[in-house]
Amino acid sequence: MRTIYLDNAATSFPKPAGVSARMKEYLDSVGAPINRSVYGAAQDAGLVALSLRERLARLFAFPEKPTHVILTPGATAGLNLILKGYLRPGDHCLVSAMEHNAVMRPLLQLTGVEFDRIPCDADGLLDPAAIPPLIRPNTRLCLIAHASNVCGTVQDAEAIGLICAEHGIAFALDAAQSAGHLPLDFGKLRLSALCVPGHKGLLGPSGIGALLLRDDFAQALTPLIAGGTGSASDSEFLPNYLPDRFESGTPNLPGIYGFEQALHFIEETGIEALRAHERALTARFLDGLFGMPGIRLCGTRDLSRRVGVIALDFKTIDHAEAAYRLEHEFGILTRCGLHCAPAAHKTLGTFPRGSVRFSLGFANTEDDVDAALAAIRNISEG
Ligand SMILES: Cc1ncc(COP(=O)(O)O)c(C=O)c1O
């Protein structure tokens, strides 16, 4: 039986050719730290890290210098830094009703910080007009999941950014499910911070991600981790300059090599081509679901407002059993349950049952989609 990987929203698989080789090359042949020693191999490693920052800056039309592309262990680390490094007791923050626990859990750890959830409709779509009435004099930050990791619904980040700019509120985007899937323009969206993981749509390995910071936002941000940076070593205080201020400790160098290599593939293929492929497969998937009686599609059918994350509520079978049968009878790998996003499931009306999530990637084909549709039909009718 052929295995069909449809869990790309959790982590993308396979990775583009060359990613694992580049990580192996670092481990077997380079092996040096960055920003510390000055021999040739260490300088080469430093150049790969710089190239990674430059590629990310290019990909997201980032108007600041590559120094403001902070390398993190992943999206969760970046989101924690945004929330815990920026908000102070007495502040108010806005999030959407579709957030992942990578936002909700750190937010709920903050004492003295209040927040409101911007309501979203039953498809998970936020109406930007709902934002102004929620803004208070002490609202300092609006942090939104760009694309839902549950149902793929994409928010109108440009409209939200405009409202935030008009009210002088910092706007941060959790692009965990949109980076690598949709074109993203940092300046056009009027962002203060953009948080991305390396291992999802950007097709790199896990354990590496990035946080792109506008300079004024970076200046207002307190680092959460302090330690050696290999710079300003005469001082026991963290340097003020970026990226060092937010990058204490030896970074994930195999991850940096793999992530940088993955971005070659993204640049060569182009976001528009990746988007077109995913959109065509999503259309085929949604068309094929039409008229199937045993399932309900969660989220919007509108292809211009979604990515290829497809959540199904099976009416006649438990979701864990559905996912088990999809794997064992059809070789199809999915994710069932609540997807670390109980708030999103409450908005979509699928809490606490959750859903079975099928998420597409660049390597999926029409045959994969057709096989998934046949399996869904079999399971939901059987
Ligand atoms: C919307 C969203 N935000 C944040 C995260 C956290 O990303 P990571 O696990 O790479 O830190 C995820 C991961 O699934 C996600 O889907």
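We number each residue from 1, following the sequence as shown.
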Student check: side-chain heavy atoms of [X] and [Y] closer than 4.5 Å:
{"X": "Asn252", "Y": "Pro254", "result": "yes"}
{"X": "His100", "Y": "His339", "result": "no"}
{"X": "Arg357", "Y": "Leu6", "result": "no"}

Can you give the donor-acceptor pairs under 3.5 Å from side chains of residues 106-114 to other protein atoms, not counting sequence neighbours?
unit_1, atom_1, unit_2, atom_2, d
Gln109, OE1, Lys84, NZ, 2.5
Glu114, OE1, Arg136, NH1, 2.6

remark   = With sequence neighbours left out, the residues meeting salt bridge (Lys or Arg N to Asp or Glu O under 4.0 Å) with Glu25 are Arg22
request  = Using salt bridge (Lys or Arg N to Asp or Glu O under 4.0 Å) as the criterion, list what pairs up with Glu64, not counting sequence neighbours.
outcome  = none
inquiry  = Under 4.5 Å side-chain heavy-atom separation, chaining through any Ile, Leu, Val, Met, Phe, Trp or Tyr, what else clusters with Val154? Say none if it is isolated.
reply    = Leu182, Val307, Val309
task = Could you walk me through whether Phe62 and Phe186 pass the ring-ring contact (aromatic ring centres under 6.0 Å, His included) test, one step at a time?
result = CA-CA 5 Å; Phe62 186 49; Phe186 193 98; 4.8 Å; yes
query = Considering residues at least two apart in sequence or located in another chain, which fulfil the ring pair (Phe, Tyr, Trp, His ring centres under 6.0 Å) criterion with Phe13?
reply = Tyr5
ask   = Can Thr76 and Arg105 be counted as having a side-chain donor-acceptor contact under 3.5 angstrom?
value = no
ask   = How about Ser96 and Glu99: does a side-chain donor come under 3.5 Å of a side-chain acceptor?
value = yes
Using residues 280-289 as the side-chain source, report each donor-acceptor pair under 3.5 Å to any protein atom, sequence neighbours left out, with the distance given to one decimal.
unit_1, atom_1, unit_2, atom_2, d
Thr282, OG1, Glu278, O, 2.6
Arg284, NE, Asp370, OD1, 2.9
Arg284, NH2, Asp370, OD2, 2.9

